[in-house]
Number of protein chains: 2
Amino acid sequence: MGTWSETALRDAGLRVTRPRTAVLDVLVEHPHATADLIGHEVRVKLGKVSKQAVYDVLAACVAAGLVRQIEPAGLPALFETRTGDNHHHLVCRACGRTTDLDCATGAQPCLTPSDDAGYAVDEAEVVFWGLCPSCQLNRSLAPNVRSSA
Amino acid sequence: MGTWSETALRDAGLRVTRPRTAVLDVLVEHPHATADLIGHEVRVKLGKVSKQAVYDVLAACVAAGLVRQIEPAGLPALFETRTGDNHHHLVCRACGRTTDLDCATGAQPCLTPSDDAGYAVDEAEVVFWGLCPSCQLNRSLAPNVRSSA
DNA sequence: CACCGTTTCTGGAACGAGTCAAGTCTCAGT
DNA sequence: ACTGAGACTTGACTCGTTCCAGAAACGGTG
């Protein structure tokens, strides 16, 4: 468990500390965790870690390219360790569950806007919104849940 | 301008009130406005409107499909009146300027994930991140700006 | 045109996510 | 071990947004 995170940190030229390895370990166990959940889980492992430390660690890892941050509308930011392959996400409107998704057509047709209006584009972010399987079930059983729009 | 907003409200079955028409008018003048900017502009037109009224109006219009809300990571929510054509957005990392963009390939290849993991997908959201023309200029002149609008 | 029930608006307090600042501690190279 | 840059702690704070209770405006009726 601890091994990948240590190596990754060292390879990225970052210092290896308990909070850092713990954060990365949590991220491996929970592929789309919020800062809050990460803090909670890290505290379970290490006893006491400040919110600020969690944000610092995450920021450092994001800067080093070890971690990717996504921010779906209305949800707190999520962090994941799958970086570099520019995959997309499927987010449930009801429960917020997030699932990875490889790019629709293998290549990235989406990544090249037809008319970039003079912008220097460096990233394309694609989010699919819908209902996850279990929320579809709950929805049909209990029709008065807060709906999508 | 004042006319369209009234008609739109009436057609959507919403009451026509001063704050509502004013909000829609502002939205026509500023195609990607924040709630805050809208409140400010509406206050210029009408003298005094509460923040809450602005949020209520926007929520009602979003629910009625008159207005679309987008929430680019790290920026406050933006509102626009172009609805129904599922266009995408180009957002400047430096100044937050947002530009509409028709879907890259005319059709929507992005809208149909290859594997939807059982989700009932109802919307695909695409955001391109980059630097707008003027920020590219500023950036090359003053390489360490850390600005936001 | 005065009444009434709804819907909308006001003002202020509250919220959660995230950030800032200043001081203390810890890792890694000598 | 020693030391200095970098990491962590604490706690207050900002910002966008939402909640709440009450006041006002709307518009269909008698």
Side-chain angles (χ1 to χ4, degrees), chain A residues 2 5-24 26 32-40 42-43 45-64 66-67 69-79 96 98 146 149, chain B residues 5-6 9-10 12-24 26 32-43 45-64 66-67 69-79 91 96 98 146-149:
Chain A
S5 42
E6 283 187 29
T7 324
L9 285 168
R10 234 182 286 277
D11 290 355
L14 295 174
R15 275 163 66 167
V16 180
T17 66
R18 297 192 160 282
R20 289 187 171 181
T21 51
V23 164
L24 289 182
V26 169
H32 297 106
T34 60
D36 200 59
L37 173 66
I38 295 169
H40 202 266
V42 166
R43 252 161 252 131
K45 288 177 195 287
L46 301 185
K48 187 145 80 105
V49 177
S50 70
K51 178 173 63 165
Q52 188 59 41
V54 172
Y55 279 105
D56 283 352
V57 169
L58 288 171
C61 291
V62 167
L66 291 179
V67 168
Q69 175 172 15
I70 63 176
E71 295 179 51
L75 281 73
L78 302 177
F79 298 87
T98 301
R146 189 188 208 35
Chain B
S5 42
E6 285 186 27
L9 286 167
R10 234 183 287 278
L14 295 174
R15 281 198 193 170
V16 179
T17 65
R18 297 192 162 283
R20 288 186 172 182
T21 52
V23 164
L24 289 182
V26 170
H32 297 106
T34 60
D36 199 59
L37 173 66
I38 295 170
H40 199 267
E41 293 293 303
V42 166
R43 249 161 253 132
K45 287 177 195 287
L46 301 184
K48 188 146 80 104
V49 177
S50 71
K51 186 172 49 168
Q52 188 57 42
V54 173
Y55 279 104
D56 282 353
V57 168
L58 288 170
C61 290
V62 167
L66 291 178
V67 168
Q69 177 173 13
I70 63 176
E71 294 178 52
L75 281 74
L78 302 177
F79 298 86
V91 183
T98 302
R146 178 126 171 71
S147 74
S148 52

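Letters A, B, ... are given to chains in the order of the sequence lines, protein chains preceding strands, and every chain is numbered from 1. Below, each value reflects all heavy atoms present in this structure, side chains not excepted, and no hydrogens, waters or symmetry copies.
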Could I get the full list of side-chain contact (heavy atoms from CB on, under 4.5 Å) partners for [X], not counting sequence neighbours?
| X | answer |
| --- | --- |
| B/Ser50 | B/Gln52, B/Ala53 |
| A/Arg18 | A/Leu46 |
| A/Ala63 | none |

* Asked: Are any side-chain N or O atoms of A/Arg20 and backbone N or O atoms of A/Val57, one a donor and one an acceptor, separated by less than 3.5 Å?
  -> no
* Ignoring hydrogens and angles, tell me if any N or O in the side chain of A/His32 forms a donor-acceptor pair with the backbone of A/Thr98 under 3.5 Å. => yes
* To do: Mind checking salt bridge (Lys or Arg N to Asp or Glu O under 4.0 Å) for B/Lys45 and listing every partner two or more places apart, or none if nothing turns up?
  => B/Glu29
Starting at [atom1] of [X] and ending at [atom2] of [N], how long is that distance when rounded to a whole Å?
| X | N | atom1 | atom2 | value |
| --- | --- | --- | --- | --- |
| B/Leu46 | D/dA25 | CG | C1' | 14 Å |
| A/Asp56 | D/dG6 | CG | P | 14 Å |
| A/Leu9 | D/dG6 | CG | P | 16 Å |
| A/Arg43 | D/dT9 | CZ | C1' | 12 Å |

* Asked: Counting side-chain heavy atoms from C-beta on, which of D/dC8, D/dT10, C/dT10 comes nearest to B/Lys48?
  -> C/dT10
* Structure fact -> Which of D/dC8, C/dC20, D/dC19 is nearest the side chain of A/Gln52? It is C/dC20
* Asked: What string of B, S and - do you get for nucleotides 12-17 of chain D, 5' to 3', if B is base contact, S is sugar-phosphate-only contact and - is no contact with any protein heavy atom under 4.0 Å?
  -> ----SB
* Could you write nucleotides 24-30 of chain C as a row of B, S and -, 5' to 3', where a protein heavy atom under 4.0 Å of any base atom gives B, of only sugar-phosphate atoms gives S, and otherwise -? -> --BBS--
* Asked: What's the spacing between B/Tyr55 OH and B/Ile38 CD1 if we round to 0.5 Å?
  -> 9.0 Å
* Asked: Do A/Arg10 and A/Val16 come close enough that some side-chain heavy atom pair is under 4.5 Å?
  -> yes
